[in-house]
Structures are given as structure tokens and as C-alpha cells.
Asker: 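What follows is a structure written as C-alpha cells; I'll ask about it next.
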Amino acid sequence: GEPRRRISLALRSPPRNPHFAHTDTKTRKPRKKGTSSSDPRGVRTFARAHQARRMGLSGSEKRARRKQRDASAPRLAPLTAVIKQSQECSVKELLAMIRAHAGNARKQEELCATLTSVMARRKMSVDVQNEVVKEGGAETVVAVLFAHARDAGVQTTYCRALVAMTLGNADNRIAVGAAGGVEAAVVAVSAPIFEVTDAALRALQELTLHNPTNATRAKVAGIMDAVRAVEPRYLKDENTLKETLQAGRLLDTAGKTLHNISMALAASDVEGCMP
């Protein structure tokens with residue numbers, strides 16, 4: 001038959017990319033908007049006009065429609081302003097802002113993230129941790145956890161705040177446990193979302209470390225049943241590699257948490273038996 005013709009790839013012109021239509025192909029320098037012979041109006045202008053034509057609206061009608069929609073939208077305080085203000089506040093003022101935004105889960109989440117970052121920037125200093133607990137941070141965090149029990153973002157952020165408050169601080173473990181932090185974390189373990197379960201188990205791992213009282217609280221609150229439900233919930237045959245690794249991480253944290261609980265309870269039993 002007739003031999004197949006070979007077309008060199010070097011002779012074929014590359015497909016035109018509209019995103020690079022503003023670049024001169026010869027000089028490789030940016031071309032001024034509106035100077036392209038193939039697209040005199042510019043790529044962005046053409047895209048806007050094409051979208052407007054597809055919607056059946058002219059440019060002025062589209063702008064009027066957007067203006068009307070913005071005017072009818074509810075006006076909320078900009079979250080960026082709250083975060084900028086919170087970054088310049090002290091620990092006491094941050095906690096006061098969290099309490100003031102009791103009905104807004106998103107602002108409370110961002111404010112708590114700022115509070116946690118303040119403790120992290122200061123290397124989890126004992127002084128900062130004690131200041132947070134002294135100003136009522138333990139009670140505030142626990143109250144928000146119970147108030148937004150179905151909000152994944154709030155549960156994750158505030159469980160991480162419990163870790164930041166109690167990391168390497170035995171006195172704060174007692175204070176957070178007395179405020180109800182153990183029970184709130186046990187409830188969060190049952191959430192069907194990886195980030196929430198992971199943060200809650202990490203908080204319980206820290207709260208129950210060398211603390212028989214918190215270990216007893218966790219056992220009474222049902223941590224054993226909550227941990228047993230973690231494996232069938234996350235470790236499945238159809239999991240992807242990422243999901244399998246996440247499940248392994250959860251099971252590892254759960255094992256460490258149960259180890260801390262058993263060791264704390266065993267130590268309390270030994271101390272009770274000693275004369």
C-alpha cells in the first residue's frame with residue numbers, strides 16, 4: 001500500500017493558548033492590551049463579553065444585575081477585619097472576642113485558630129498556657145465545643161486548642177479536665193470526619209497523660225466504645241492509599257490514648273494499694 005507520511009512535530013505550529021495571547025511570539029515580551037491583531041480587545045475583555053452574550057445580557061445589564069445582587073445580600077462584618085483585629089489583641093481580649101461572637105461559628109473558629117497560633121509562636125510557653133487558662137480559656141473552649149457539636153471546623157480547631165493549652169503542662173491538664181474538656185473530646189471522637197476524630201484523639205492523648213482523674217473521666221464518658229468504632233468507620237477495603245494512611249494514623253493515636261489511660265489508671269491503683 002501507500003507508505004505512511006511522517007509529519008515532523010517541529011513543523012506543526014503549537015495550539016494557540018488564549019492565556020498567552022497578550023505575549024508577543026517574536027520578542028517574548030508582554031504586549032499592551034488591545035494591540036493584538038487577532039484579539040484587539042484583549043483576552044479578558046473578550047472573555048467577559050463572551051460570558052455576557054451567553055447569559056443574554058449586555059455589559060451594562062450585567063453590571064446592574066451584579067450591583068442589585070450585592071445590594072440585596074445581607075451585610076455581615078468582614079471576617080478579615082475581625083482576624084486582623086484579633087492578631088493585635090492580648091490573650092484576654094481574644095477570649096473576650098470568642099465569647100462575644102457566640103452565635104457565629106466561623107468567627108469563633110478563626111479567633112481560636114489565632115489564639116492557638118499565639119501559643120505556638122511562643123513555643124508553647126508555660127507562661128502563655130497558664131495565662132490562657134487563668135483568663136478562663138479552658139471554660140471558653142469547652143463551652144464552644146459543646147455549643148457547636150456538629151460543626152467540623154469548630155470541633156477540629158478547638159480540640160487543637162486543648163492540645164496547645166495542655167502540651168507538657170500537668171497543671172493545665174487538671175484545669176481543662178475539671179472544665180469538661182475530656183467529655184467534650186470524647187464526644188468529638190465519634191464524629192465521622194477524619195480531621196475532627198484525629199484532633200479529638202490527640203487532645204485526649206495529652207489530657208490523660210499521667211493524669212488518673214482525666215483517665216477515669218474518659219473511661220466513664222465512653223472512650224472505649226468510641227475508639228472501637230474508629231476502625232470500622234475509617235479502615236475499609238475500598239479505601240485509597242491516602243485514606244488507608246489516615247486510618248493508620250488514627251489507630252496509632254487511639255492506641256497511644258488508650259495506653260495513657262491504662263497506665264494512669266494502673267498507677268492510681270498502685271498508689272491506692274501502697275500503705
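Treat the numbers as computed from the prediction; the structure is a model and nothing was measured.
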Asker: Are L95 and M97 linked, directly or through other ILVMFWY residues, by side chains that come within less than 4.5 angstrom of each other?
Answerer: yes
Asker: Going from OG1 on T244 to NZ on K236, what distance comes out if it is rounded to the nearest 0.5 angstrom?
Answerer: 11.5 Å
Asker: Please assess I174 against T213 for the test side chain to side chain contact (heavy atoms under 4.5 Å, CB included), listing each intermediate value before the final yes or no.
Answerer: CA-CA 8 Å; I174 299 173; T213 306; over 6 Å; no
Asker: Does anything in residues 171-196 pair up under side-chain hydrogen bond (donor to acceptor under 3.5 Å, both in side chains), and if so which pairs, sequence neighbours excluded?
Answerer: R173-E206
Asker: Name the residue from R160, R249, Q246 that meets the side chain to side chain contact (heavy atoms under 4.5 Å, CB included) definition with D198.
Answerer: R249
Asker: Kindly determine whether V132 and V141 satisfy side chain to side chain contact (heavy atoms under 4.5 Å, CB included), including the steps that lead there.
Answerer: CA-CA 10 Å; V132 172; V141 169; over 6 Å; no
Asker: For E131, is there an ion pair with K134 - N to carboxylate O distance below 4.0 angstrom?
Answerer: no
Asker: For Q108 and H101, indicate whether the former's side chain and the latter's backbone hold a donor-acceptor pair under 3.5 Å.
Answerer: yes
Asker: Look at the side chain of Q155 and the backbone N and O of L145, then say whether any donor-acceptor pair between them is shorter than 3.5 Å.
Answerer: yes
Asker: Would you say L209 and M119 are hydrophobically clustered, going by side-chain heavy atoms of ILVMFWY under 4.5 Å?
Answerer: no
Asker: Out of the candidates V227, T253, L201, L204, only one should pair with L258 under the side chain to side chain contact (heavy atoms under 4.5 Å, CB included) rule; please name it.
Answerer: V227
Asker: List the atom of L162, the atom of G181, and the distance in Å for their closest heavy-atom pair.
Answerer: CD1-O, 4.1 Å
Asker: Between E109 and R106, does a salt bridge (Lys or Arg N to Asp or Glu O under 4.0 Å) hold up when you go through it step by step?
Answerer: CA-CA 5 Å; E109 179 185 348; R106 295 283 70 79; 2.4 Å; yes
Asker: What do the steps show when you test R233 against T197 for side chain to side chain contact (heavy atoms under 4.5 Å, CB included), and what is the final call?
Answerer: CA-CA 11 Å; R233 190 190 310 146; T197 307; 3.8 Å; yes
Asker: Which atoms form the tightest heavy-atom contact between Y234 and F194, and what is the distance?
Answerer: OH-N, 3.4 Å
Asker: Give me the atom names and distance for the closest heavy-atom approach of A113 to T157.
Answerer: N-CG2, 3.6 Å
Asker: Listed by chain and number, what are the side-chain contact (heavy atoms from CB on, under 4.5 Å) partners of A152, not counting sequence neighbours?
Answerer: I193, V196
Asker: Specify the closest pair of heavy atoms between A215 and A264, including all atoms of both residues, with the distance to one decimal.
Answerer: CB-CB, 3.9 Å
Asker: How many angstroms lie between CG in L250 and CD in E231, if you round to the nearest 0.5 Å?
Answerer: 11.0 Å
Asker: Identify, with sequence neighbours excluded, every residue that meets side-chain contact (heavy atoms from CB on, under 4.5 Å) alongside A143.
Answerer: none
Asker: What pairs with L245 under side-chain contact (heavy atoms from CB on, under 4.5 Å), at least two apart in sequence or on another chain?
Answerer: L241
Asker: Can you tell me how far CE of M224 sits from OG of S262, rounded to the nearest 0.5 angstrom?
Answerer: 7.5 Å
Asker: Are N130 and N169 close enough, and set up right, to give a side chain to side chain contact (heavy atoms under 4.5 Å, CB included), and what steps lead you there?
Answerer: CA-CA 9 Å; N130 292 341; N169 195 319; 3.1 Å; yes
Asker: So how far is it from L111 CG to N104 CG, rounded to the nearest 0.5 Å?
Answerer: 9.0 Å
Asker: With heavy-atom distances below 4.5 Å as the criterion, would you say the side chains of L207 and V176 are in contact?
Answerer: yes
Asker: Is there a path of hydrophobic side-chain contacts, each under 4.5 Å between heavy atoms of I, L, V, M, F, W or Y residues, that connects V220 with I261?
Answerer: no
Asker: If you compare all heavy atoms of A221 against all heavy atoms of V186, which two are closest, and at what distance to 0.1 Å?
Answerer: O-CG1, 3.6 Å
Asker: Just to verify, what does A105 make a side-chain contact (heavy atoms from CB on, under 4.5 Å) with, not counting sequence neighbours?
Answerer: H148, D151, V154
Asker: How long is the span from the CD1 atom in I98 to the OG1 atom in T114, to the nearest 0.5 Å?
Answerer: 8.5 Å
Asker: Can you hop from V187 to V142 via hydrophobic side chains spaced under 4.5 Å?
Answerer: no
Asker: List the atom of L235, the atom of A247, and the distance in Å for their closest heavy-atom pair.
Answerer: CD1-CB, 3.8 Å
Asker: Partners of K256 by side chain to side chain donor-acceptor pair (under 3.5 Å), sequence neighbours excluded?
Answerer: D252
